[in-house]
Amino acid sequence: MEIIESLPPSFPDNTYVAMDLEMSGMEEELLHRPTTGKFACLSICANSDKIYLIYEPTQVSEVIKRLNNCIWVMHDAKFDITQLRRWADIPPRRKLWDTFLMEHILWGGYYDKFSLADLARRYLGIVLDKEPRKMFSDNYQGMNGELLQYAALDASITLQVQQEQKKYIKRNDMKIWHEIERPALFAVLAFQGFRIDVDAWKQLADYNEKQAQIIKDRLPMNPSSPKEIMQYFKKHGKNISKTNEDVLLKIANTNSDLGKIAHDILEYRKYSKRASTYGMKFIEIYLEKEDNYYVIHPDYNIIGAETGRMSSSRPNIQNIIAHDTAEYRKCFIAKPNHKLIIADYSAQEPRVAAHLSQDPKLLKIFREHRDIYCELAKVVYGKEITKKDPLRNKMKPIFLGLTYGLSSRHLAENMGIEPEEGKAIYKKVFDHFKVFAEYMENIKKRKDYVRTVSGRRIWLNPYSSRVERNALNSPIQGTSAEIIKLALSILHKKLPEGYPVVAVIHDEIVMDVPERLADLMSKKVTDSMKEAAEILCPSVPFDVDAKICDSWGEK
DNA sequence: GGAGACGGCGCC
DNA sequence: AAAGGGCGCCGTCTCC
């Protein structure tokens, strides 16, 4: 391996060129933000034996310029591009190969590890020593011989992995990359910060911390310890093997001393969850000042789940409390003189299921824009109900449950009915939606892989007890994920300058736009979401609800 | 003292 | 007969 400590030349057009950026002194919690750390080096490699290294960030823009017509190969390009944009203009580009995302497209569900070291071992039989990386984070003293080797090797390995991956990549995998994942990557890179009402959040954090402490003080054990809870209950004549909400709620409903304890533990759990997961840490670590207000920028993982769903972390914005209270989402607000647009698909997964199964009765319901849950009530109870009927909410878990293989027994438990009744409900639903039932029966037999509508493979583990449920659910969840990703990128292309998306939550897009543009932007996001669904699931119309609000917590 | 598993629970 | 699909984060606990 020859290391050349200088700028790379201009390679011929469409040369695969691996790049790997090393940063020093990055804060662990903020690896996804261009706000901490310093440029250490960039290694560039078009031939795995010859690596160019630069140490000066001032040279980044020249490198970018010289390599503009090459196909960039990066392992987790989201990180490198986020950081490199501190020193050079890098618009969305077609000529990009992300070995990390490509590996997910190829082997989602098959492997569960996707680091460069994992890929090096899988494809090249090389065991990478990740120890030297620590020298970039702790106490960085500038480049030395060992670090130089390490940085150069990463670029070389990335290129070699890409060359191996290429042998497995089929035409359709490239289509998924170029039409779904790569555009979604650049859309996510363009997300803007989500403003937070810091004072309101702090007040919630304070309050819940205090409440949790009050209850903890009067309990005879550490209520955060399932072990201690079980020991305590055993000592008082009640054997339990789990201490989750279902179990404790049953005890809490008995009129006894233990019932009071169980009730208190559940209360404690509620407050302490809010004080910890949604507490001060959320505020202290991730806040960024922007003009005279504060925003957060979560880290979106483009393929966060094996199904293709995105995930979010640092902080996870996709699990902010929504059902019990709106006060948390009310802390997410529009910027000064702006409005939030909250747009979500109505019954996205049932529509996807209709498209995948081509069940004529399901298709008819959606084509006539009827409400799937009201229709379900008709099928199950023979009752015509309106959207306001409380029965409608009871129907929701039925269809959702079906799509991930919920057993009739658990369905009955959730609905608070007898197991036989649960069974009867399933029978009625399957008898009515016959083609859907056949689709489910067929797909759950698969043991190798299933596909989404784009043709993405999701590998199954035939030895897992979940294999049937995964087979049922993955095409539906995975297709839904593709729809929202495509919607994000269609919207991105409509708004290349200043893409005002601030969050995406599986079937929902949140934008923060100047008030005067609110109606226009609301239409743009709605149209983009409908177009995306139309492209991937053309047999079903998708309805989108869009609201213009001041906070995320408004109904 | 740190890593990782686990129980638990927030969301879609 | 049968752990309800997918995540990330927290505190606890075990192990090294």
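Per chain, numbering begins at 1; letters A, B, ... match sequence-line order.
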Q) If you check the A/Asn470 side chain, which of C/dG4, C/dC13, C/dG6 turns out closest? A) C/dG6
Q | Candidate nucleotides C/dC13, C/dG8, C/dG5, ranked by approach to the side chain of A/Lys227 - the nearest | A | C/dC13
Whole angstroms only, please: what is the [atom1]-[atom2] distance between [X] and [N]?
| X | N | atom1 | atom2 | value |
| --- | --- | --- | --- | --- |
| A/Lys396 | C/dG5 | NZ | P | 21 Å |
| A/Met221 | C/dG11 | CE | C1' | 16 Å |
| A/Asp299 | C/dC9 | CG | C1' | 14 Å |
| A/Lys281 | C/dC9 | NZ | C1' | 8 Å |
| A/Leu406 | C/dG6 | CG | P | 13 Å |
| A/Ile458 | C/dG5 | CD1 | C1' | 11 Å |
| A/Ile443 | C/dG5 | CD1 | P | 16 Å |
| A/Gln231 | C/dC13 | CD | C1' | 12 Å |

Cation-pi check for [Y] against [X]: NZ or CZ below 6.0 Å from the six-membered ring centre and within 45 degrees of the axis, yes or no?
| X | Y | result |
| --- | --- | --- |
| A/Arg457 | A/Tyr449 | yes |
| A/Arg370 | A/Phe366 | no |
| A/Arg122 | A/Phe114 | yes |

Q) If the P atom of B/dG10 is compared with that of C/dA3, how far apart are they to the nearest Å? A) 23 Å
Q) How far, in whole Å, is B/dG7 from C/dG4 if one measures between their P atoms? A) 15 Å
(Q) Within the 4.0 Å heavy-atom criterion, would you say A/Arg274 contacts the bases, only the backbone, or no part of the nucleic acid? (A) nothing
Q: Under 4.0 Å between any heavy atoms, over every strand shown, what does A/Ser480 touch: base, sugar-phosphate, or nothing? Just pick one.
A: nothing
**Q.** Ring centroid separation A/Trp201 to A/Tyr328 under 6.0 Å
**A.** yes
Q: Report yes if the distance between the aromatic ring centroids of A/Phe399 and A/Tyr373 is under 6.0 Å, otherwise no.
A: no
Q | A/His75 and A/Asp98 side chains, donor-acceptor separation under 3.5 Å | A | no
(Q) Looking at A/Lys434 and A/Asp359, is any side-chain nitrogen of the basic one under 4.0 Å from a carboxylate oxygen of the acidic one? (A) no
(Q) Across nucleotides 3-12 of chain B, 5' to 3', mark each nucleotide with B, S or - according to how protein heavy atoms within less than 4.0 Å reach it. (A) ----SBBBSB
Q) Can A/Tyr404 be said to stack with the base of C/dG4, given centres closer than 5.5 angstrom and planes under 30 degrees apart? A) no
Q) If you pin A/Glu468 and A/Asn473 to their nearest nucleotides in DNA chain C, which one's is more 5'? A) A/Glu468
